Enquirer: 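Dropping a structure here in structure tokens format, bear with me for questions.
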Amino acid sequence: MTGDKVTIVEVGPRDGLQNEKRIVSTEDKLALIELLAQAGFSRIEATAFVSPKWVPQMADHDAVMRGIPRRSGLTLSALVPNEQGALAAIQAGARELAVFTSASETFAQKNINCSIAESLQRFRPVLALAAARDIAVRGYVSCAVECPYEGPIEPAAARSVSARLLDLGCSEIAIADTIGRATPERVEPMLAEVLQAVPRRQLACHFHDTSGLALSNVDVALGHGIRTFDSAIGGLGGCPYAPGAAGNLATERLLEHLDRHGHVHGIDRDALAGALQMAQSLKENRSVRET
Ligand code: HMG
Ligand code: MG
């Protein structure tokens with residue numbers, strides 16, 4: 001198990017910056033992404049092609065996606081809620097898409113203004129567009145353990161939505177603790193259940209770190225053989241439609257943890273210093289929505 005390659009999906013430019021109170025300039029976003037790319041990430045979620053009325057911080061998605069210099073070995077992805085977003089993201093050069101729904105009905109309504117079943121219908125044309133262009137689509141399952149509106153979520157709900165995303169053609173399921181309230185005791189049965197439907201190589205974990213338990217939850221996932229994790233530089237992050245959702249697991253903490261346990265990740269931690277410094281300066285203007 002030790003020595004295994006772990007892939008990190010850096011989500012700071014999207015999940016991190018979507019929740020900043022101040023609108024971060026396109027120039028700053030591009031500078032942050034460039035610093036991250038220089039540190040060696042193979043996957044960066046760069047922006048979200050969502051409605052600017054819902055998330056004004058991502059309104060410059062087109063300029064961000066088009067403005068990033070392409071490098072070999074780096075896949076730039078975009079979060080998309082529907083066909084409109086997918087078309088725009090592909091036209092702007094996204095090489096991976098991420099659709100997002102939830103294991104909680106109430107959260108789906110609050111975040112994407114539709115039921116879980118409706119969201120899955122909306123994803124069909126997204127998957128078709130992507131398949132025609134050989135573009136991979138990740139499927140997020142928010143609130144896989146805890147919902148800010150419904151409370152605890154049954155593992156069976158996380159499994160069922162994951163299985164439906166896989167059936168639709170998603171190549172990876174990102175199982176998310178949206179508000180960072182999951183404990184290892186609750187992540188364990190949830191993952192055991194989801195893994196009955198999703199092969200471990202196709203499962204990624206996306207932990208927010210509100211309670212400081214994200215690394216313990218990573219350990220549970222590592223124990224299940226999961227080798228893909230999301231994190232955000234400087235612990236940026238949150239979701240505007242999930243009250244109490246603080247930052248994502250900080251990339252620098254995840255890297256340190258993986259190094260300590262002998263996992264290979266391919267990121268140059270020294271080269272990450274510039275990105276970390278920039279993320280920290282952006283964080284000084286932290287969103288008022290965060291706790
Ligand atoms: P709606 O209002 O129900 O949609 O929103 P609509 O189809 O009625 O469209 C309303 C307006 O939005 C129209 O414009 C559309 O053109 C426009 P208008 O005619 O009023 O001028 N529109 C779009 N504009 C740009 N890009 C698009 C798009 N689609 C419609 N793709 C919708 C439904 C899904 C669009 C909306 O609810 C939305 O954009 N929600 C996004 C919410 C969001 O981004 N949340 C944060 C990201 S999720 C997250 O952080 C969780 C995650 O990190 C995992 C975890 O931690 O759990 C991924
Ligand atoms: Mg998130």
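Because the structure is a prediction, the values reported are computed rather than measured. Positions are given from 1, in the same order as the sequence printed here. Remember, it's 1-based here, ligands and their atoms both numbered in the order they're listed.
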Enquirer: Would you say Pro52 touches ligand 1, if touching means a heavy atom closer than 4.0 Å?
Expert: yes
Enquirer: Using a strict cut-off of 4.0 Å, indicate which atoms of ligand 1 neighbour a heavy atom of His208.
Expert: 56 (O)
Enquirer: What distance separates Glu34 CD from Ile44 CD1, expressed to the nearest 0.5 Å?
Expert: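 Atom-to-atom, Glu34:CD and Ile44:CD1 are 9.0 Å apart.
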Enquirer: Under the side chain to side chain contact (heavy atoms under 4.5 Å, CB included) test, which residues partner His206, sequence neighbours left out?
Expert: Val11, Arg14, Asp15, Tyr140, Ala176, His208, Asp230, Asn248
Enquirer: Under the criterion side-chain hydrogen bond (donor to acceptor under 3.5 Å, both in side chains), I'd like the reasoning laid out for Glu150 against Thr106: C-alpha separation, chi angles, the key distance, then a yes or no.
Expert: CA-CA 7 Å; Glu150 293 185 13; Thr106 313; 2.5 Å; yes
Enquirer: Nearest protein heavy-atom contact for atom 2 (O) of ligand 1: which residue, which atom, what distance?
Expert: Trp54 NE1, 3.4 Å
Enquirer: Do Leu254 and Leu213 sit in the same hydrophobic cluster, where Ile, Leu, Val, Met, Phe, Trp and Tyr count as joined when their side-chain heavy atoms come under 4.5 Å apart?
Expert: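 Unlinked, Leu254 and Leu213 end up in two clusters.
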Enquirer: Among all the protein's non-hydrogen atoms, which is closest to atom 25 (C) of ligand 1, and how far away is it?
Expert: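 Nearest neighbour among protein heavy atoms for atom 25 (C) of ligand 1, to 0.1 Å: Val50 O, 3.4 Å.
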Enquirer: Have a look at Asp62, Val55, Asn113 and point out the one with the heavy atom closest to atom 3 (O) of ligand 1.
Expert: Asn113
Enquirer: Is any side-chain heavy atom of Leu32 closer than 4.5 Å to a side-chain heavy atom of Leu36?
Expert: yes
Enquirer: Tyr241 to ligand 1: N or O pair under 3.5 Å?
Expert: no
Enquirer: Considering only the protein, which heavy-atom contact is closest to atom 21 (O) of ligand 1, and what is its distance?
Expert: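 That would be Lys53 NZ, 2.9 Å.
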Enquirer: Taking C-beta and beyond as the side chain, do Cys114 and Arg122 meet within less than 4.5 Å on heavy atoms?
Expert: yes
Enquirer: Residues in side chain to side chain contact (heavy atoms under 4.5 Å, CB included) with Gln121, at least two apart?
Expert: Arg124
Enquirer: With distance as the sole test, does Asp62 use its side chain to make a donor-acceptor pair with the main-chain N or O of Arg66 at under 3.5 Å?
Expert: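 Checking the backbone N and O of Arg66 against the side chain of Asp62, no donor-acceptor pair under 3.5 Å is found.
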Enquirer: Does the protein put any heavy atom within less than 4.0 Å of atom 41 (C) of ligand 1?
Expert: yes
Enquirer: Please determine if Asp177 has a nitrogen or oxygen closer than 3.5 Å to a nitrogen or oxygen of ligand 1.
Expert: no
Enquirer: So which atom in Met65 and which in Phe49 form the shortest heavy-atom distance, rounded to 0.1 Å?
Expert: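 So the two residues come closest at CB-CZ, 3.9 Å.
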Enquirer: Has the side chain of Ser211 got a donor or acceptor atom that lies under 3.5 Å from a matching backbone atom of Gly180?
Expert: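 A pair under 3.5 Å: yes.
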Enquirer: Would you call Arg14 a ligand 1 contact, heavy-atom distance under 4.0 Å?
Expert: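 Arg14 counts as a contact of ligand 1 under the 4.0 Å cut-off.
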Enquirer: How does Met58 reach ligand 1, if at all, at less than 4.0 Å between non-hydrogen atoms: by side chain, backbone, both, or neither?
Expert: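 Answer for Met58: neither.
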Enquirer: Check each atom of ligand 1 against the heavy atoms of Ser142 and keep those under 4.0 Å away; list them by number with element.
Expert: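 In order of number, 51 (C), 54 (C), 55 (C), 57 (O).
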Enquirer: Only one of His263, His257, His265 clears ring-ring contact (aromatic ring centres under 6.0 Å, His included) with His261; which?
Expert: His257
Enquirer: Counting only heavy atoms not in Gln277, do more than 12 fall under 6.0 Å of its CD?
Expert: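 No, not enclosed.
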Enquirer: Going by chain and residue number, what protein N/O/S atoms come nearer than 2.8 Å to the Mg ion (ligand 2)?
Expert: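 For the Mg ion (ligand 2), the protein N, O and S atoms that sit under 2.8 Å away are Asp15 OD2, His206 NE2, His208 NE2.
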Enquirer: Looking at Glu105 and Ile116, would you say the former's side chain and the latter's main chain have a donor-acceptor pair under 3.5 Å?
Expert: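 Such a contact is found between Glu105 side chain and Ile116 backbone.
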Enquirer: Mark yes or no for whether Gln57, through its side chain, and Glu20, through its backbone, hold a donor-acceptor pair below 3.5 Å.
Expert: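 Answer holds: yes.
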Enquirer: Is the CD atom of Glu118 crowded by more than 12 outside heavy atoms at less than 6.0 Å?
Expert: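 Yes, the 6.0 Å shell around CD holds more than 12 heavy atoms from other groups.
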Enquirer: Which ligand 1 atoms, with their elements, are less than 4.0 angstrom from a heavy-atom of Ala176?
Expert: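 In order of number, 54 (C), 55 (C), 56 (O), 57 (O).
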Enquirer: Using a strict 4.0 Å cut-off to heavy atoms of His206, name the atoms of ligand 1 that fall inside it.
Expert: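 Every atom of ligand 1 under 4.0 Å from some heavy atom of His206: 53 (O), 54 (C), 55 (C), 56 (O).
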Enquirer: Just need the protein heavy atom nearest to atom 30 (C) of ligand 1, so name the residue and atom and give the distance.
Expert: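 Protein heavy atom at minimum distance: Gln84 OE1, 3.4 Å.
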Enquirer: What do we get for Ser51 next to ligand 1 when only non-hydrogen atoms under 4.0 Å count, side chain, backbone, both or neither?
Expert: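 Answer for Ser51: both.
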Enquirer: Starting from Phe107 and following side-chain heavy-atom contacts under 4.5 Å between hydrophobic residues (I, L, V, M, F, W, Y), which residues can be reached?
Expert: Tyr149
Enquirer: Return the residue, atom name and 0.1 Å-rounded distance of the protein heavy atom closest to atom 27 (C) of ligand 1.
Expert: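 The answer is Phe49 O, 3.6 Å.
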Enquirer: Examine ligand 1 and decide if any of its atoms is less than 4.0 Å from a heavy atom belonging to Leu79.
Expert: yes
Enquirer: Looking only at protein heavy atoms, which one is nearest to atom 29 (N) of ligand 1, and how far off is it?
Expert: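 Atom 29 (N) of ligand 1 sits closest to the protein heavy atom Asn82 ND2, 2.8 Å.
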Enquirer: Would a 4.0 Å cut-off, counted as strictly less than, catch a protein heavy atom around atom 5 (O) of ligand 1?
Expert: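 Yes.
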Enquirer: Run the salt-bridge test on Glu96 and Arg43 with the 4.0 Å N-O cut-off and return the result as yes or no.
Expert: yes
Enquirer: Has the side chain of Ser162 got a donor or acceptor atom that lies under 3.5 Å from a matching backbone atom of Ala158?
Expert: yes
Enquirer: Check step by step if side-chain hydrogen bond (donor to acceptor under 3.5 Å, both in side chains) holds for Ser231 and Thr251.
Expert: CA-CA 5 Å; Ser231 61; Thr251 302; 2.9 Å; yes
Enquirer: With a cut-off of 4.0 Å, which atoms of ligand 1 are near a heavy atom of Ile112?
Expert: 33 (C), 34 (C), 37 (O)
Enquirer: Looking only at protein heavy atoms, which one is nearest to atom 47 (C) of ligand 1, and how far off is it?
Expert: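 Protein heavy atom at minimum distance: Gln18 OE1, 3.3 Å.
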Enquirer: Could you work out, for atom 45 (N) of ligand 1, the closest of Asn248, Val126, Asn111 by heavy-atom distance?
Expert: Asn111
Enquirer: Tell me which part of Arg122 gets within contact of ligand 1: side chain, backbone, both or neither, using heavy atoms under 4.0 Å.
Expert: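 Answer for Arg122: side chain.
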Enquirer: Which atoms of ligand 1 sit under 4.0 Å from any heavy atom of Gly85?
Expert: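 Atoms satisfying the 4.0 Å criterion: 31 (N).
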Enquirer: Counting only heavy atoms closer than 4.0 Å, does ligand 1 sit against the backbone of Asp15, its side chain, both, or neither?
Expert: side chain
Enquirer: May I ask whether atom 9 (O) of ligand 1 is less than 4.0 Å from at least one protein heavy atom?
Expert: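 Within 4.0 Å of atom 9 (O) of ligand 1, no protein heavy atoms are found.
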